[in-house]
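Step one of this worksheet: look at the structure below.
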Amino acid sequence: MRIAVCQTSSNPGDKAKNIETIRATARTAASWKADLLVLPELFLTGYNVGSRLRDLAETADGPSLKSIGEIARNEACAIVVGFPEISGDELFNSSALFDAQGNLAAVYRKIHLFGPDERELFAPGKELVVARLGDRVLGMAICYDIEFPEMARELKRRGADIIIVPTANMAPYFEVPTTFIRARALENGVFVVYANLCGSEGDLVYTGLSGIAGPDGIDLARAGPRAETLLLAELPDKSPDDLFSTQIEDLQLPFSR
């Protein structure tokens, strides 16, 4: 499986512009023959928009999610993206997985909410999610989830060989992408795919450092802390000799501002 990870900034509150960023990035990822594109936590709306998230939230079959499914189908590239999900009176910090045919294959609701702001805004998820994509099994997590070894271990027990982690990790927590991600990969013998924001939103400055760590705990690809970057790595089925990775920095995506 060939996986692309997009590290970029979101346009806070502007779903239309963020969808166009997804479209442009998916087109590039597809040109690299990526099977899966992973974008950051709450990328659809921006992370640090406070109570506006409730007004911006959609159901899992909402119009923005349908548009992202169409992008996945048009580019023949699966997509994972973070979004605020409304269900009844509850708001969840969720991520959606679309397969390469544009079908909504899975929705995961963040279980471990970070800090008082998230706990005030969101209800915690209650279900671990694994989903098959081709011949691989993806375990789904969001940001703070991956700091808990037990969660990664249980995803592995349920068959995951890749853990996908959309993220909005902010300063000063630089040790999360540089230490915890590689540790979770090594502890469990899985790939960990970590897609973070970069730049800033309001009073938050994001750490960047998105990456793809292999089952040996070694980076296959790693972004810097500030530049918009598209990473690409080939995840081998069996032999480490099949490993391949590359990256483009300073993406300057046309719709990312």
Side-chain angles (χ1 to χ4, degrees), residues 1-3 5 7 35-42 78 80-82 85 92-97 99 105-115 118-119 122-170 173-197 207 209-223 231 233-240 242-243 245:
M1 175 178 282
R2 185 170 284 199
I3 294 184
V5 171
Q7 173 174 293
D35 301 294
L36 172 65
L37 168 66
V38 184
L39 295 119
E41 179 179 7
L42 292 176
V80 172
V81 62
E85 180 192 1
F92 296 95
N93 182 337
S94 297
S95 63
L97 166 64
D99 66 21
V107 173
Y108 167 69
R109 295 168 172 174
K110 187 175 183 179
I111 293 172
H112 300 93
L113 299 176
F114 178 76
E118 281 197 14
R119 290 193 290 271
F122 299 110
K126 296 180 175 64
E127 301 286 339
L128 294 179
V129 174
V130 296
R132 182 167 290 279
L133 191 68
D135 59 355
R136 311 306 288 258
V137 178
L138 309 184
M140 299 181 71
I142 298 174
C143 199
Y144 195 36
D145 286 326
I146 203 63
E147 297 186 38
F148 295 85
E150 298 83 358
M151 180 163 176
R153 185 168 299 173
E154 185 59 29
L155 290 171
K156 172 64 181 286
R157 284 176 178 154
R158 297 186 183 202
D161 59 330
I162 304 169
I163 298 177
I164 304 295
V165 193
T167 296
N169 186 63
M170 70 289 289
Y173 304 111
F174 291 94
E175 76 281 2
V176 176
T178 57
T179 301
F180 287 5
I181 297 309
R182 291 195 290 249
R184 295 297 92 84
L186 179 60
E187 289 164 348
N188 297 287
V190 298
F191 296 93
V192 178
V193 179
Y194 187 81
N196 197 14
L197 294 164
T207 63
L209 298 170
S210 300
I212 303 170
D216 55 2
I218 303 300
D219 286 341
L220 301 181
R222 177 70 65 176
L231 304 174
E234 184 88 34
L235 277 53
D237 291 329
K238 295 180 181 178
S239 172
D242 295 333
L243 289 173
S245 65

CG-CG distance between Asp161 and Leu155, expressed to the nearest 0.5 angstrom = 11.5 Å
Carboxylate-amine/guanidinium proximity below 4.0 Å for Lys110 and Asp145 = no
Among Val5, Leu97, Leu235, find the residue that satisfies the side chain to side chain contact (heavy atoms under 4.5 Å, CB included) test when tested with Leu36.
-> Leu97
Can Arg182 and Asp219 be said to form a side-chain contact (heavy atoms from CB on, under 4.5 Å), step by step?
-> CA-CA 7 Å; Arg182 291 195 290 249; Asp219 286 341; 3.0 Å; yes
Could you tell me whether the side chain of Asn196 and the main chain of Ser210 form a donor-acceptor pair under 3.5 Å?
-> no
Approximate separation, where rounding is to 0.5 Å, of Asn93 CG and Glu118 CD = 5.5 Å
Between atom CD1 of Ile163 and atom CD1 of Ile146, what is the distance when rounded to the nearest 0.5 Å?
-> 4.5 Å
Validation row: Ser94, Tyr108 side chains within 4.5 angstrom (heavy atoms) = no
Heavy atoms only: give me the nearest Ala185-Gly214 pair and the separation to one decimal.
-> CB-O, 3.2 Å
Within a strict 4.5 Å, meaning less than it, do heavy atoms of the Val107 and Glu85 side chains meet?
-> yes
At their closest point, which heavy atom of Pro166 faces which heavy atom of Ala141, and how far apart are they?
-> CD-O, 3.1 Å
Heavy-atom check, side chain of Leu128 versus side chain of Met151, under 4.5 Å = yes
Asp216 and Leu186: which non-hydrogen atoms are nearest, and at how many Å?
-> O-CD1, 3.4 Å
Residue set satisfying side-chain contact (heavy atoms from CB on, under 4.5 Å) with Asn188, at least two apart, ordered chain then number -> Ala152, Arg153, Lys156, Val190
Distance-minimising heavy-atom pair for Met140 and Ser95 | CE-OG, 3.3 Å
Just by distance, do the side chain of Arg222 and the backbone of Leu209 share a donor-acceptor pair under 3.5 Å?
-> yes
Phe148 meets the ring-ring contact (aromatic ring centres under 6.0 Å, His included) criterion, sequence neighbours left out, with His112, Tyr144
Does Arg184 reach the main-chain N or O of Val192 with its side chain, forming a donor-acceptor pair under 3.5 Å?
-> no
CG of Leu42 to OG1 of Thr167: how many Å apart, nearest 0.5 Å?
-> 11.0 Å
What's the shortest heavy-atom distance between Leu133 and Met1, and which atoms?
-> O-CE, 3.6 Å
Backbone of Ala78 reached by a side-chain donor or acceptor of Asp99 within 3.5 Å | no
Gap between atom CG of Leu39 and atom CD1 of Ile164 - 0.5 Å precision = 11.5 Å
Does Tyr173 have any side-chain contact (heavy atoms from CB on, under 4.5 Å) partners at least two apart in sequence or in another chain, and if so, which?
-> Phe114, Asn169, Met170, Glu175, Val176
If you measure from CG on Leu113 to CZ on Phe92, what distance do you get to the nearest 0.5 Å?
-> 9.5 Å
Looking only at heavy atoms, the pair that brings Ala168 and Cys143 closest together is N-SG, 3.7 Å
